[in-house]
Amino acid sequence: MPTRGRFGPLVGAIDEGTSSARFLVFAAQTSEVLTFHQIEIEQKCPKEGWVQQDPMDIYNAVIQCIEKSVENLIKLDIDPADIVAVGITNQRETTIIWDSQTGEPLHDAIVWLDTRTAETVDALLADVRDKNQDYLRPLCGLPMSTYFSAVKARWLRDNIPEIKDAMDAKTCMFGTVDSWLLWKLTGGPEGGLHITDVTNASRTMLMNIKTLQWDDTLCKFFDIPKEILPEIRSSSEIYGYFVNGPLRGVPISGCLGDQQSALVGQMCFQQGQAKNTYGTGCFLLYNTGTALVHSTHGLLTTVAYKLGKNATPVYALEGAIAIAGVCFRWLRDNLGILKSVEESESIVRDMTTRSEVAFVPAFSGLYAPYWRKDARSVICGLTEETPKAAIVKAAMEAVCFQTRDIMDVMNQECGIPLRTLLVDGGMTANNLIMQMQSDLCGVPVVRPLMTETTALGAAMAAGYAEGINVWELKGHQGVPKDYFYPTITEDERDIRYSRWKMAIKRSLNWQPEIIAEKDDSYRFISFSAGGLPAFLTPGNRDYYKTLLSSIPGCWFVFSGFILLVIAKRLTGR
């Protein structure tokens with residue numbers, strides 16, 4: 001091992017999230033962040049429920065973050081050559097399909113919280129007995145949902161002719177963000193490696209949760225050719241090397257989906273340990289060890305990590321919440337209630353009036369434990385005196401109540417109630433939310449003072465890899481933490497939670513159902529502003545046809561009424 005600088009060996013981490021890309025440099029011996037750079041990534045929403053990103057924007061942001069971070073190291077008089085490895089952690093389920101020859105994306109990336117595939121899900125379930133959402137769960141550990149990558153890939157196949165042709169010809173590549181970045185960074189069309197790790201593969205609905213390989217039955221069900229899928233590897237091994245840029249020749253040796261990476265970063269290596277990450281969404285993972293636990297209450301069975309080629313895989317139960325931090329951006333950008341996301345804590349602390357507002361932020365439906373794509377956001381309990389701060393407070397409580405929903409189910413599924421809740425992510429900087437979380441769940445909340453645990457997990461996996469060996473996981477000291485303890489009574493906690501469950505009921509059944517027509521196609525029953533079904537509004541091509549078809553029935557009812565009137569008069573005589 002060559003001599004290193006004053007911080008010893010360094011490990012980099014690419015942290016590509018839903019809203020931004022970052023590159024961080026850690027000192028392997030102390031877990032200290034020496035420098036980082038972050039760039040926001042634009043999200044496009046061309047239609048309601050659609051969320052997509054340009055894959056080239058994602059890649060270019062990562063490259064710029066790496067370049068700026070290396071420049072920062074030089075300014076700090078730290079030699080970039082001390083970086084011995086790099087790990088990748090990424091937004092999961094986000095789906096990219098690109099041309100294998102040119103390297104050009106064939107469509108924007110469909111982001112994990114996108115709901116355009118609702119009709120695709122219904123069409124796939126149409127031939128499943130009882131339209132059972134859990135039909136594939138024994139194979140992949142996941143329910144049928146708009147959330148997962150295979151459904152997004154199927155939508156692209158069905159709706160983008162160029163992608164269908166490329167799939168049939170097997171001239172394209174399918175991958176989540178980790179696969180896209182690994183391929184580009186290791187050479188792209190010039191020999192780039194098409195690989196993924198077990199944690200990201202476990203979120204596609206195409207990997208067998210037991211064998212950790214692509215499953216023929218699942219691929220056939222979604223009509224996705226196995227030939228376009230990446231090779232599945234462990235979460236910690238040398239995959240390849242940077243071919244360009246300031247890190248040329250540095251190995252890429254760690255890869256984890258962002259939530260699994262946070263589990264590693266929080267050092268939840270023992271069965272029964274759990275962590276909750278607060279970001280765009282909110283994700284609670286519970287380490288179940290080597291045991292595959294199949295949930296019957298809406299949790300996901302997923303791979304937690306596999307730290308080495310020959311290591312035993314570790315599994316987790318996961319509760320996924322679609323809307324957390326993004327709700328506060330919505331309050332800022334759409335309603336103008338907040339000037340900045342950071343303002344949320346102070347505006348609620350300064351509120352003097354008592355409020356009983358409940359806010360269910362179901363912009364993309366409800367994820368665990370409900371899995372209701374028909375749910376939509378509702379705000380309940382508004383009065384003339386309700387201040388805007390009450391809505392902000394309700395948004396904070398919504399994150400905490402959704403976490404309690406999941407914790408209650410996990411306690412049932414696993415039989416060992418969580419005694420503490422480890423937390424991480426950007427929202428944990430808000431002390432008020434952390435206190436609310438402890439109050440509403442009734443357990444201490446433990447927050448690391450260094451909140452970059454997601455990126456830290458990727459760095460740990462990279463530094464631990466065989467051939468790198470600069471990060472000792474078992475003897476490594478965790479980062480310092482602080483604690484929040486419950487301050488309300490159990491009765492108050494239960495009363496507030498019962499109000500939340502009432503609001504949940506009011507959020508359901510808002511999305512129109514899809515009905516099958518005789519030609520086996522599907523269409524929505526939607527409603528006009530006047531309350532009539534859309535197909536009964538003037539201007540619709542079925543309007544007059546529908547009206548004419550109703551005449552015989554209407555005449556029958558009308559004539560029957562006339563006969564009753566005549567009979568009554570005759571009887572009166």
Side-chain angles (χ1 to χ4, degrees), residues 16 52-56 58-59 88 90-112 114 116-117 120-121 123-124 136 139-142 144-209 211-234 239-240 252 255 257 303:
E16 200 295 302
Q52 54 197 59
Q53 294 174 327
D54 185 338
M56 291 306 299
I58 293 173
Y59 170 70
I88 294 176
N90 56 283
Q91 53 171 312
R92 306 170 303 169
E93 298 93 22
T94 296
T95 302
I96 304 173
I97 294 179
W98 66 95
D99 188 285
S100 58
Q101 301 300 315
T102 67
E104 293 297 317
L106 297 177
H107 191 273
D108 276 348
I110 300 182
V111 177
W112 58 272
D114 185 289
R116 76 184 69 187
T117 55
T120 302
V121 169
L124 288 168
L136 299 175
L139 286 176
C140 63
L142 308 172
M144 185 71 74
S145 167
T146 60
Y147 185 20
F148 303 109
S149 306
V151 181
K152 302 179 194 301
R154 176 59 184 265
W155 184 92
L156 288 166
R157 178 182 180 89
D158 291 344
N159 292 275
I160 310 299
E162 184 180 7
I163 288 181
K164 182 183 184 305
D165 293 343
M167 282 191 180
D168 291 340
K170 300 177 180 59
T171 59
C172 65
M173 292 179 168
F174 161 98
T176 42
V177 172
D178 59 306
S179 296
W180 167 246
L181 292 176
L182 276 162
W183 187 76
K184 293 285 285 183
L185 294 171
T186 57
E190 305 299 324
L193 299 172
H194 191 208
I195 57 181
T196 188
D197 92 298
V198 289
T199 67
N200 281 291
S202 71
R203 314 299 295 190
T204 61
M205 294 198 80
L206 297 174
M207 187 190 82
N208 188 296
I209 197 68
T211 67
L212 306 186
Q213 297 297 322
W214 302 123
D215 188 274
D216 290 331
T217 300
L218 294 171
C219 290
K220 182 178 180 181
F221 181 87
F222 290 103
D223 198 15
I224 305 297
K226 285 176 67 174
E227 291 83 357
I228 72 171
L229 303 180
E231 179 187 355
I232 299 175
R233 301 274 196 92
S234 77
Y239 311 114
I252 303 172
C255 183
V303 179

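Excluded from the calculations below are hydrogen atoms, water molecules and symmetry mates; all remaining heavy atoms, backbone and side chain alike, are included.
Interatomic distance, I97 CD1 to D108 CG, rounded to the nearest 0.5 Å: 12.5 Å. Taking CG of D178 as the reference point, atom CD1 of I252 lies at 11.0 Å (rounded to 0.5 Å). Note: T117 OG1 to F148 CZ = 11.0 Å, rounded to the nearest 0.5 Å. Atom NE2 of H107 sits about 6.0 Å away from atom CG of L156, to the nearest 0.5 Å. In this structure, the separation between CD on E162 and OG1 on T171 is 9.0 Å, given to the nearest 0.5 Å. The CG atom of L124 sits 8.0 Å away from the CG atom of D158 when rounded to the nearest 0.5 Å.
Between the W180 side chain and the I96 main chain, no donor and acceptor come within less than 3.5 Å of each other. Looking at K152, its side chain does come within 3.5 Å of a backbone N or O of W112 through a donor-acceptor pair. W214 places a side-chain N or O within donor-acceptor distance of the main-chain N or O of P230, the cut-off being under 3.5 Å. A donor-acceptor contact shorter than 3.5 Å links the side chain of S179 to the backbone of I195. Side-chain atoms of T95 come within 3.5 Å of backbone atoms of E93 as a donor-acceptor pair (strictly under, hydrogens ignored). The backbone N or O of A150 sits nowhere less than 3.5 Å from a side-chain atom of T204 that would complete a donor-acceptor pair.
Using a 4.0 Å cut-off between a side-chain N of Lys or Arg and a carboxylate O of Asp or Glu, R157 and D223 qualify as a salt bridge.
Shortest non-hydrogen contact noted between D197 and C255 is OD2-O, 2.9 Å. Here the closest heavy-atom approach between residue Y239 and residue L193 is recorded as O-CD1, 2.8 Å. Of all the heavy atoms in T94 and A109, the pair that sits closest is CG2-CB, 3.9 Å. M205 and L218 get closest at one heavy-atom pair: O-CD1, 3.4 Å. Smallest separation of non-hydrogen atoms from C219 and L229: SG-CD1, 3.9 Å.
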Original post:
Q53 and Q91: side chain to side chain contact (heavy atoms under 4.5 Å, CB included), yes or no, with the steps?
Top reply: CA-CA 12 Å; Q53 294 174 327; Q91 53 171 312; 3.1 Å; yes

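In this structure the side chain of I160 never reaches within 4.5 angstrom of the side chain of L106, judged on heavy atoms. Counting heavy atoms from C-beta outward, K226 and D216 have side chains that approach closer than 4.5 Å. In this structure the side chain of V303 reaches within 4.5 angstrom of the side chain of I209, judged on heavy atoms. By the 4.5 Å heavy-atom criterion applied to side chains, M144 and F221 are counted as neighbours.
Checking each of T199, N200, T176 against N90 for a side chain to side chain donor-acceptor pair (under 3.5 Å) leaves exactly one that passes, namely N200.
The neighbour count for K220 NZ, taken as heavy atoms of other residues, nucleotides or ligands under 6.0 Å away, does not exceed 12.
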